[in-house]
Amino acid sequence: MAKKLWGGRFSKKTASLMDEFNASIEFDRKLYKHDILGSMAHAKMLAKQGILSEEDRDKIVTCLGEILKEIEAGEIEFSIEFEDIHMNIESILTDRIGDAGKRLHTARSRNDQVAVDIRMYLKDEIKDILELIDRLQNVVVDVADANKETVMPGYTHLQRAQPVTLAYYMMAYYQMFKRDASRFEDCYKRTDCLPLGCGALAGTTYNTDRQFLADELGFASLCENAMDAVSDRDFALEFLSNCSILMMHLSRFCEEMVVWSSAEFSFAEMDDAYSTGSSIMPQKKNPDIAELIRGKTGRTYGNMITLFTIMKSLTLAYNKDMQEDKPPVFDSAETVKACLEIFTDMLRTMTFKKENMEAAAKKGFTNATDAADYLVSKGLPFRECHEIIGKIVFECLNRGIAIEDLSLTELREFSPKFEEDIYEKIDIRSCIAAKKSYGSTSFESVDTMLKNAKEELKK
Ligand code: ARG
């Protein structure tokens, strides 16, 4: 069995069960690239400060470069005896270049090393996620653009409420994804703070240059307190929270697409390429992608709760509990990226059944509020108008007709204020066009939303 890098004060070997339980290499191997880049920067800094010779620095940097290539080519086998990615790489390095490798860990601890690795990893992931959100927002805008005239019922309590356009509906989701992007950008700022050079918890006695490390690794600022730097996982919690909120948005969207694809609604149909069949029922076409995204939302909530629970009682500074931060962070990053990617394709290829949407908007008394507003315009108080239209709806329900199917004489039995212009006022498109408040579903307002969105997306 290989000698532990920290074996000096021990007289016994670790139990093999202990090695297995303690190791994180099975999952933190994912950080190999960031770990190597961090170590290269550290070696350069040590040499610049005269702590390491230039010769040793060159040996370290060259050898780390070779190890990186070999890992990428799948030529390196890691071992649980060396616990984690940091010590696996250090031991391979030392096997190859001897004393120079042993000098690399001067003025550094695994505590600041792992902290910088996760931050670098998350910065990359956040950039990828932001790009995927941008792609999705573009598709949402395309669908909206193509459906500015598509009328559908808007719902509350999943009961038909007021007529809106599909474009307006899409632009509501656009706003949600815009907030998601802004949350990830915000989280990026706090992730972009360098913990490397903080040592185990108290800083180091060497004359290091942390600003050099930040410049070398592309960090915007330095963590100010070494103890906080090595024990902080707030940025990962923010990341996991942002993933959860984003997934909740995708899940709501998916739920709607599942409902809309049902025969009962029949508002939309998914493309064959993004649907599945049944092993027993030949007629079935199932919206599996939407259901899976809805389901995967659960695991991102779980990941968030996992890390919150890991962190909640930890004394300062580092505790080994924190090694458990990585599986949930990796899993949420992978899940969110996969869901964003496939959801975007699913939405892009969906067909919307415009006639069915419009027919539904015409059926559910979605113009009842506008009928009440009509009476308000004739001088009646709103509460009274509400009561009158309520009675009309009750009558129509009994007769199985819509408000506009009543003759003027019949309408006047409910209120003498009704005149011929009522029919134009409660036409479904007029109801939409008549909305005046900022941010409404009116055609004009949605045009503005689309214009703003296109400008935002250009940036
Ligand atoms: N594998 C460890 C982790 O992921 C690295 C840090 C270990 N630090 C320590 N003091 N044992 O958290």
Side-chain angles (χ1 to χ4, degrees), residues 2-10 13-15 17-39 41-42 64 67 71 76 78-94 104-125 191 194-204 213 217 223 225-237 239-240 303 306-334:
K3 192 173 173 302
K4 294 273 188 277
L5 295 182
W6 42 254
R9 63 97 63 218
F10 290 80
K13 280 193 210 156
T14 47
L17 204 56
M18 163 70 196
D19 279 340
E20 224 165 274
F21 188 72
N22 199 34
S24 53
I25 186 64
E26 280 318 318
F27 50 87
D28 65 17
R29 57 195 305 154
K30 212 182 184 80
L31 297 172
Y32 70 87
K33 194 176 93 206
H34 302 108
D35 195 72
I36 286 176
L37 293 176
S39 291
H42 183 66
L64 283 173
I67 296 173
I71 296 175
I76 297 231
F78 296 121
S79 143
I80 59 162
E81 283 167 42
F82 290 112
E83 213 175 303
D84 54 26
I85 187 64
H86 325 294
M87 292 199 292
N88 264 276
I89 290 175
E90 192 185 318
S91 80
I92 297 166
L93 182 75
T94 303
L104 172 63
H105 210 54
T106 313
R108 183 178 76 170
S109 154
R110 266 187 301 156
N111 300 347
D112 55 339
Q113 191 179 354
V114 71
V116 79
D117 288 5
I118 316 172
R119 283 176 186 262
M120 286 165 76
Y121 163 83
L122 273 181
K123 282 172 64 182
D124 286 348
E125 294 301 304
T191 308
L194 180 92
L196 190 60
C198 283
L201 76 160
T204 145
L213 290 173
L217 295 171
C223 298
N225 176 305
M227 186 171 266
D228 174 50
V230 292
S231 59
D232 170 31
R233 291 295 182 271
D234 293 359
F235 59 94
L237 288 168
F239 176 79
L240 293 177
N303 289 335
T306 298
L307 189 56
F308 269 109
T309 314
I310 289 170
M311 296 305 294
K312 78 183 246 297
S313 307
L314 297 190
T315 56
L316 301 185
Y318 178 85
N319 295 272
K320 191 68 173 238
D321 315 44
M322 289 161 78
Q323 178 165 283
E324 291 289 315
D325 62 353
K326 282 167 274 310
V329 165
F330 294 159
D331 185 71
S332 279
E334 295 300 325

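The first residue in the sequence is number 1, and the count goes up from there. No hydrogens, no waters, no symmetry mates; every other heavy atom, side chains included, goes into these values. Atoms within a ligand are numbered from 1 in the order they appear, just like the ligands themselves.
Every residue meeting the side chain to side chain donor-acceptor pair (under 3.5 Å) condition with Glu83, not counting sequence neighbours, appears here in chain and number order: Trp6, Asn22, Arg110, Lys320.
Nearest heavy atoms, Ser231 versus Tyr318: CB-N, 4.4 Å.
Between Arg119 and Asp232 there is a salt bridge, since at least one side-chain N of the basic residue sits less than 4.0 Å from a carboxylate O of the acidic one.
Checking side-chain atoms of Asn88 against main-chain N and O of Ser79 turns up a donor-acceptor pair under 3.5 Å. Under the 3.5 Å distance criterion, the side-chain polar atoms of Asn303 are left unmatched by any main-chain donor or acceptor of Val329.
The immediate protein surroundings of ligand 1, defined as residues with any heavy atom under 4.0 Å of it, consist of Ser24, Asp28, Asp84, His86, Arg110, Asn111, Val114, Tyr318, Gln323, Lys326.
The side chain to side chain contact (heavy atoms under 4.5 Å, CB included) with Phe78 is formed by just one residue from the set Asp84, Ile71, Asp28; it is Ile71.
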